[in-house]
Amino acid sequence: MNSVIVDIKNLRREFKMGDEIVKALNDVSFTINSGEFVTIMGSSGSGKTTLLNILGCLDRPTAGDYVLDGINMNTLSKNELARLRNQKLGFIFQSYNLLARTSAIENVELPLLYNPEISAKVRREKALSALESVALSDRIHYLPSQLSGGQQQRVAIARALVNDPVMILADEATGNLDSRTSYGIMALMQELNEVRGKTIVFITHEPDIAAFSKRTITLRDGKIINNNVNKNIRNAKEVLQSLPPLVDLIPEKK
């Protein structure tokens, strides 16, 4: 039986805007088991970005508890949170967040630079292995500007994997990609989850993307309105294979 990796209880996050108190999260509770693939959905202003920031140890709740891998985040200092974030979490962003003048393999190495116990040799080996796992071993010396959007996102995924995190947090990771490339990224997410057992939390506002996950938590006005197991999980690889070949999408010249 999988263990609980995330335990959120009665979470609240409030912001003061002028004389008003905005309740970005209002009494949110849920758990995520190790090896789950969960999407968090919601429109703009639903609270999903605030929740992501708390899950990623980038922000603290106003009240409530967040326990990650058996550790209560409320008990940690800023430095301890930063260390835990680097060791236990992998982040994937909509805009990739790659360093423009740094090669693919150097971008992937970045999270390991903060760990003094890892030598330069081991760091390079881990980065190369991570790039191989996302089928980019032939692009390790390419700069981001020399890669397609999908390839840049794969570099970002490799960077998220390099520390062997207990959980991967993806923030609208298909938001800048076309449908075909998005399905390719979701196929990789499903492979990481099913084959490598990675716990994935994927933030999205797109129902068709959420359908690739095993469970969907839906937020509205800072509250959970649905927390449902997806009974008909779409297979991203099959969806990708069902698309017409690219050559068929180019109109013939008359």
Side-chain angles (χ1 to χ4, degrees), residues 2 32-44 46 48-49 51-52 55 90-98 104 108 130-139 144 147-161 165 167-220 225-252:
N2 289 341
I32 296 174
N33 288 333
S34 175
E36 270 201 282
F37 183 177
V38 177
T39 43
I40 295 176
M41 278 192 63
S43 58
S44 179
S46 63
K48 63 182 188 297
T49 299
L51 180 56
L52 176 74
L55 286 171
F91 293 88
I92 306 167
F93 302 97
Q94 179 177 349
S95 55
Y96 322 133
N97 286 12
L98 301 178
V108 175
L131 283 166
E132 286 175 347
S133 72
V134 298
L136 278 181
S137 57
D138 60 339
R139 296 287 191 276
L147 300 170
S148 68
Q151 288 171 335
Q152 289 185 63
Q153 194 59 291
R154 284 175 177 268
V155 172
I157 292 169
R159 182 183 58 195
L161 289 170
M167 182 167 66
I168 294 172
L169 296 172
D171 184 14
E172 300 279 7
T174 59
N176 284 347
L177 304 173
D178 61 79
S179 296
R180 183 182 295 271
T181 308
S182 294
Y183 296 149
I185 293 299
M186 295 312 295
L188 178 56
M189 291 286 105
Q190 287 184 326
E191 181 182 340
L192 291 173
N193 174 249
E194 294 166 10
V195 178
R196 296 184 57 177
K198 289 297 180 184
T199 306
I200 299 173
V201 177
F202 201 104
I203 306 293
T204 185
H205 64 275
E206 302 175 84
D208 64 325
I209 293 297
F212 294 117
S213 71
K214 295 177 178 177
R215 179 160 60 106
T216 300
I217 297 172
T218 306
L219 295 174
R220 181 186 295 163
I225 59 169
N226 281 308
N227 185 354
N228 297 327
V229 172
N230 295 334
K231 295 181 179 178
N232 298 305
I233 301 171
R234 299 174 76 197
N235 185 304
K237 189 175 291 185
E238 290 179 0
V239 173
L240 190 60
Q241 290 172 346
S242 71
L243 296 177
L246 284 173
V247 66
D248 291 349
L249 302 178
I250 302 173
E252 294 182 7

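Just so you know, residue 1 is the first one in the sequence shown, and it goes up from there. All values reported here derive from a predicted model rather than from experimental measurement.
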Heavy-atom check, side chain of Thr49 versus side chain of Ile203, under 4.5 Å: no
Looking at [X] and [Y], what are the two nearest heavy atoms and their distance?
X: Ala210; Y: Thr39; result: CB-OG1, 3.6 Å
X: Gly42; Y: His205; result: O-CB, 3.8 Å
X: Ala130; Y: Val108; result: CB-CG1, 4.1 Å
X: Val134; Y: Ala158; result: CG2-CB, 4.0 Å
X: Asn33; Y: Thr199; result: O-CG2, 3.8 Å
X: Ala160; Y: Pro165; result: O-CG, 3.2 Å

What's the separation between atom [atom1] in [X] and atom [atom2] in [Y], rounded to the nearest 0.5 Å?
X: Tyr183; Y: Leu177; atom1: OH; atom2: CG; answer: 12.0 Å
X: Ile185; Y: Ile209; atom1: CD1; atom2: CD1; answer: 10.0 Å
X: Glu194; Y: Ile200; atom1: CD; atom2: CD1; answer: 9.0 Å
X: Leu52; Y: Phe202; atom1: CG; atom2: CZ; answer: 11.0 Å
X: Arg139; Y: Leu131; atom1: CZ; atom2: CG; answer: 12.0 Å
X: Ile32; Y: Ile40; atom1: CD1; atom2: CD1; answer: 5.5 Å

I'd like to know if the side chain of Asn230 pairs up with that of Thr216 as donor and acceptor (distance under 3.5 Å, no hydrogens or angles considered). yes
N/O donor-acceptor pair under 3.5 Å between [X] side chain and [Y] backbone:
X: Gln190; Y: Phe212; value: yes
X: Gln151; Y: Leu136; value: no
X: Arg159; Y: Tyr96; value: yes
X: Asn193; Y: Gly35; value: yes

Residue among Glu172, Met186, Lys48 satisfying side chain to side chain contact (heavy atoms under 4.5 Å, CB included) with Thr204: Glu172
Check step by step if side-chain contact (heavy atoms from CB on, under 4.5 Å) holds for Ser182 and Glu206. CA-CA 11 Å; Ser182 294; Glu206 302 175 84; over 6 Å; no
Looking at Arg215, Lys214, Lys198, which hits side-chain hydrogen bond (donor to acceptor under 3.5 Å, both in side chains) with Glu36? Arg215
Before giving the answer on side-chain contact (heavy atoms from CB on, under 4.5 Å), spell out for Thr174 and Gln153 the whole-Å C-alpha distance, their side-chain angles and the decisive distance to 0.1 Å. CA-CA 9 Å; Thr174 59; Gln153 194 59 291; over 6 Å; no
Would you say CZ of Arg234 has more than 12 non-hydrogen atoms from neighbouring residues, nucleotides or ligands within 6.0 angstrom? yes
